[in-house]
Amino acid sequence: MMTVARKQQICVNQTPYYHIISRCVRQAFLFGKDPLTGDSYEHRRQWLVDRIKKTASVFAIDVCSYAIMSNHFHLVLRIGDNAQWTDKQVLMAWLFLYSLPILCQRYLQDDVSDELELKEVKQYVELYRERLCSISWFMKTVNEYIARKANQEDECTGHFWESRFKSQALLDERALLTCMAYVDLNPIRAGLAKSLRHSEFTSIKERIEHKSTDLLGFGQGDHDLPFYLSSYLDLLDQTGRIIRDDNHGFISVEMASVLSDLHLNPDTWLDELKAFKSFGFSAVGTVKQLQEYSAITKKKWSVGLRLEPA
């Protein structure tokens, strides 16, 4: 199966929300504790969280949720808009992570007045403006840094990550909510944690333990996540208990109420969550949404993960 250019998989006009998965090479335990050798790489998980946060603070991209597992990690990202940023704001943002050409450095010092030089600066600004809204550049900024740091620690060279990260377009609020729950519940589903509070290196643990967080907020404005944190926490807590207790398909009255508040179908919620897959699907949504998305991205809509009508 031929690979598809990233620009054909990410279409902001269809949705700003994307599920990203990046995996270590050979599925090696390059983050957690390797059960075969006993070597621990646990500290690298914090490296990754810190780098994701630093990158998000610069890019016009918000982090909705994350889960750092032993040999891979998940992100749910929201692509924003930096059209209102001034030229100097764009250059200062890029300088926070990368070096700038001398001409751009002079511009920041108000040392450029020649029209030809100003035109060249504008070209750099538009290039960086585009990159600061790009998930591909976001992931490049995160993964290259971690790869260099890990290889230096291991005193080796070579690939740390698989060559391409995987992305899934989340075509509506329901797909977004299902994917975020899938990501935040990953440690519980994998048997690595018994509760949300014990789900190390996840966004849900961060949201529970910290009143103030730089993750994308819930239900507070036009640019926030389109549901409330309290309902989301209740949904995850009760879903996690069902998964942990292996109580197949049982939905309590309290959970049914939460699902209704979030416009989810209690009869299909657990099946949809269990059926959610990280690989093999480029988009998640209803049949109609997948058809529209495939027409724009020129991909067969059948590769998408279909959600039944609510």
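Because the structure is predicted, anything quoted here is derived from the model rather than measured.
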Would you please test E117 and R106 for side-chain contact (heavy atoms from CB on, under 4.5 Å) and show each step?
-> CA-CA 10 Å; E117 289 185 331; R106 286 176 49 209; 3.3 Å; yes
Donor-acceptor pair, side chain of [X] and main chain of [Y], under 3.5 angstrom:
X	Y	value
N82	R129	yes
D62	L216	no
R78	L225	no
N151	G158	yes
S99	L95	no

In terms of the angle between their ring planes, are [X] and [Y] parallel, tilted or perpendicular, with boundaries placed at 30° and 60°?
X	Y	result
Y128	W94	parallel
F73	W161	perpendicular
Y182	H74	perpendicular

I need the minimum non-hydrogen distance between [X] and [Y], along with the two atoms involved.
X	Y	result
I20	S167	CD1-CB, 3.6 Å
Y228	G219	CE2-O, 3.4 Å
I79	I61	CA-CG1, 4.3 Å
V63	R207	O-NH2, 4.4 Å

Nearest 0.5 Å please: distance from the [atom1] atom of [X] over to the [atom2] atom of [Y].
X	Y	atom1	atom2	value
Q168	L170	CD	CG	7.0 Å
N186	S199	CG	OG	9.5 Å
S22	I68	OG	CD1	10.0 Å
E144	W137	CD	CH2	7.5 Å
L215	C64	CG	SG	8.5 Å

Within one Ile-Leu-Val-Met-Phe-Trp-Tyr cluster: I188 and L192, side-chain cutoff 4.5 Å |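 No: no chain of side-chain contacts under 4.5 Å links I188 to L192.
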I146 vs R44, side-chain contact (heavy atoms from CB on, under 4.5 Å): CA-CA, chis, key distance, verdict = CA-CA 8 Å; I146 297 299; R44 292 179 180 174; 5.9 Å; no
Check the side chains of T141 and Y98 for a donor-acceptor pair under 3.5 angstrom, ignoring hydrogens and angles.
->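 Short answer, yes.
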Examine the side chains of S57 and D214 and answer whether a donor and an acceptor come within less than 3.5 Å of each other.
-> no
Take atom CD in E209; do more than 12 heavy atoms of anything else shown fall under 6.0 Å from it?
->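 Atom CD in E209 is crowded, with more than 12 foreign heavy atoms closer than 6.0 Å.
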Inspect the surroundings of CD in Q46 and state if more than 12 heavy atoms from other residues, nucleotides or ligands are less than 6.0 Å away.
->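 Yes, the 6.0 Å shell around CD holds more than 12 heavy atoms from other groups.
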Partners meeting side chain to side chain contact (heavy atoms under 4.5 Å, CB included) with [X] (sequence neighbours left out):
X	result
T86	K88, Q89
D237	L196, R241
Q289	L171, D172, T286

Worked check of side-chain contact (heavy atoms from CB on, under 4.5 Å) between L100 and L91 | CA-CA 8 Å; L100 286 174; L91 293 176; 4.1 Å; yes
So, do W47 and Y41 have ring centers that fall under 6.0 Å from each other?
->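 No, the ring centres sit 6.0 Å or more apart.
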salt_bridge(E272, R174) N-O dist < 4.0 Å |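 Yes, charged N to carboxylate O under 4.0 Å.
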Could you check if a side-chain atom of L48 sits within less than 4.5 angstrom of a side-chain atom of F201, using non-hydrogen atoms only?
->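 Counting from C-beta outward, L48 and F201 never come under 4.5 Å.
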